[in-house]
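When reading the values below, keep in mind they use all heavy atoms of this one structure, side chains included, and skip hydrogens, waters and symmetry mates. Lettering of chains follows the sequences in order, A, B, ..., and the numbering in each one begins at 1.
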There are 2 protein chains.
Amino acid sequence: MATKNTTIRDVAREAKVSVASVSRVLNGTGGVTPETQRIVREVAARLHYVPDNAARSLITGRTHTIGAVLPDLYGEFFSELIRGIDLAARARGLHLLVSSSHDGVDAAAAAVRAMRGRVDGMLILSEHVDEKFLEENLPASLPAVLLDSPVKSTRFPVLNIDSRAGALAMVQHLIEKGRQNVAFIAGPKSNFDAQQRDKGYRAAMAKHAPDAPLNIVAGDFSEESGYRAGRELLAQKKRPNAVFAANDMMAVGCLYAFKEAGVDVPGDIALAGFDDILIARYVTPPLSTVQVRIADLGRIALERLAALLDPTDTTPASVQTLGCDIVVRETCGGNASAAPAPRKPKRPPST
Amino acid sequence: MATKNTTIRDVAREAKVSVASVSRVLNGTGGVTPETQRIVREVAARLHYVPDNAARSLITGRTHTIGAVLPDLYGEFFSELIRGIDLAARARGLHLLVSSSHDGVDAAAAAVRAMRGRVDGMLILSEHVDEKFLEENLPASLPAVLLDSPVKSTRFPVLNIDSRAGALAMVQHLIEKGRQNVAFIAGPKSNFDAQQRDKGYRAAMAKHAPDAPLNIVAGDFSEESGYRAGRELLAQKKRPNAVFAANDMMAVGCLYAFKEAGVDVPGDIALAGFDDILIARYVTPPLSTVQVRIADLGRIALERLAALLDPTDTTPASVQTLGCDIVVRETCGGNASAAPAPRKPKRPPST
DNA sequence: GGCGCAAACGTAAACGTTTTCATGGAAGCT
DNA sequence: AGCTTCCATGAAAACGTTTACGTTTGCGCC
């Protein structure tokens, strides 16, 4: 069990060459006779030799690993993001070190620092990260890409979802369907996306329904807060005829509040969410929402980071924004079919 | 940008002590005057010193990282599993290197080998892994825990979901509700869980409804295959009065097939799935299913692995099985309330 | 045949830690 | 006082690679 692992020296000895030659063969650096190569490879295979990554990293300064620092994420957003990152990383021969599940600026700082010497670059998604944070916690030489962040940095590329445009488009759609009185269920104040969606709502109202009153109720992205918001809206003297929730879970909560009160959706009140989570298409009636291509977000972020890793890269840091599309189902009075079409068959989870 | 990172030598020089002392202080090995400690810490903080993990790993042979090798997983199972693992890992000061998204035995082998020198142990969930595979691709000294696997090894602990018992309980429940003619929508032949659920179905039928015919239709865990299976069942001369699908997505597909055909669920046919994915409670009517505590699975697996990492550990390898509970909603003629209660507020995803 | 040159190969330094061992000095004991 | 014991500290080895540099070898050319 505790047998020593075979090292490059063992291979060298067995193959009757120097360690340098073994290294050259295995790395394809060239300058080795085909015959010698054959022998080395044969011996390496026979001894089950696998280079030790720690030693390799130490000398080369490269780990071929990138770190993903994420907040405490649940559900689809998380898995899709990781999937997008992992796929893109694999395509480039990079490994993925994930560090999720930490709220608080201290936890984030610890996570970032713990990656020193472990990764070549980082993908960071956290409310708590600003430029100062990065200056303090990131080694000067570590490239990083920020996801979904308000910071405008000259050093770090930022990749955002265009929440504002998505929200604007959806609210505009509702208004064009003849629902002027659009209410908005807001997300957490501190959340960047929530802020952007709020802005989108306001912009759409100002532009397309300037006479209608703004009607904003608080929420925190949870289903329960959506449910409460729904009841609150029903209690208003003048009920809105459309509700736009800052995310799908709140929209679902709101939907159940409406159902419970016997309010017809979309007959009495139209409803829309944001994110296009899986359940959006399974609630009754299926929920209109704004789709974010999360896996793409991960992929693009990783590609941006990979570019940074390449020393010949000269692309300046910039803020890039990923568009999102509205998907019209039934809750906003669209004309989709009654039963959702079976999803295109994806490879199923193993259980 | 490319400034050299500060090393332990820089700290030692600045603090006017030897590198040994700095190492001792920072690792809390003891044997250092409080005063010296103070100085070292102060200098280390001032210089933003962070130890290089590659060097540390090289000498200690420990990386404080565990690797998770997973197949190409989508959705909830994946994210919950990772979450469970990550949480438990963090609690132990371990990092998590994930390698998902690879089917095929070769990809799995490459993933496993690439982790040499990068991790202290591995969590492996893959159809393609058997004992021979591990012997060939795992360094002798690397501990590993297998998830959801049929292999019985003396060297590697295995952690399974008790799919068989869960399926048995659910089918038994359906029969006890008066539905003797339970049909089963099977999962992929090669999938271990699918096999276990099949066994559970057969066992329950044999024991509690020995006179009813077995009625098994094929599926592949996808919603679409569930939909097709549903239509197939409806076309039978003698329709079953209950359907148990090997996972929730197929149950949902089946449910839409029934809805489309105007079949009342659970009035005409009862329905149940397996996994308790999020959408199970949001379809109409809410789906009865078998709950798997996936995050727990991840947590327990990691704890098992962590125990293996401890050299004083003597626990022998064993096959451990994690129970699962049936959750009765409306599709099996249970008596749950009409609208699902809002879920207990979890921390919301960031978008 | 001597010369130079390039290709193949080997030697050893370097990477940044941890850890063993040696050393010096202070303190405790008789 | 002389002895041992113990503790804080430093010097240096070790971990397994890559790579700069030096050495050998083979070969063609004059």
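The distance from atom CG of B:Asp10 to atom P of C:dG16 is 9 Å, rounded to the nearest whole Å. If you take CZ of B:Arg62 and P of D:dA14, they are 23 Å apart, rounded to a whole angstrom. What separates CG of A:Asn27 from P of D:dT19 is a distance of 7 Å, to the nearest Å. Regarding B:Asn53, its CG atom lies at a distance of 10 Å from the C1' atom of C:dT17, rounded to whole Å. If you take CZ of A:Arg118 and C1' of C:dT17, they are 13 Å apart, rounded to a whole angstrom. D:dA12 atom C1' lies 14 Å from atom CD1 of B:Ile8, rounded to whole Å. Across the protein-nucleic acid pair, A:Asp52 atom CG and D:dG16 atom C1' stand 6 Å apart, rounded to whole Å. Between the P atom of D:dT17 and the CD1 atom of A:Ile59 lies a distance of 12 Å, rounded to the nearest Å.
Between B:Glu135 and B:Arg155 a salt bridge is recorded (basic side-chain N to carboxylate O distance below 4.0 Å).
Between B:Thr29 and B:Ser23 there is no side-chain heavy-atom pair separated by less than 4.5 Å. The shortest side-chain heavy-atom distance between A:Leu97 and A:Arg118 falls under the 4.5 Å cut-off. Within the 4.5 Å cutoff, no side-chain heavy atoms of A:Arg92 are placed close to those of A:Leu309.
In this structure, B:Thr29 reaches neither bases nor backbone, as no heavy-atom distance under 4.0 Å exists between it and the strands shown. B:Ser23 comes within 4.0 angstrom of a base, heavy atoms only.
Closest contact between the side chain of B:Thr7 and the listed nucleotides D:dT18, C:dG10, C:dG16 involves C:dG16. Listed nucleotides C:dC9, D:dG10, C:dG16 differ in distance to B:Arg9; the shortest reach to its side chain belongs to C:dG16. Side-chain proximity of A:Arg24 to the nucleotides D:dC21, D:dG10, D:dT18 is greatest for D:dC21. Set against D:dG10, C:dC15, D:dT19, the side chain of B:Val17 has D:dG10 as its closest nucleotide. Among the nucleotides D:dT9, C:dA8, D:dT17, the one closest to any side-chain atom of A:Thr33 is C:dA8.
Side-chain N/O atoms of B:Thr321 and B:Asn160 include no donor and acceptor closer than 3.5 Å.
For D:dT18, the OP1/OP2 oxygens have no side-chain nitrogen or oxygen of A:Thr60 closer than 4.0 Å. Contact check, A:Thr36 against C:dC9: a side-chain N or O comes under 4.0 Å of OP1 or OP2.
Comparing B:Lys16 and B:Ala55 along DNA chain D, the residue whose closest nucleotide (by nearest heavy atom) sits nearer the 5' end is B:Lys16.
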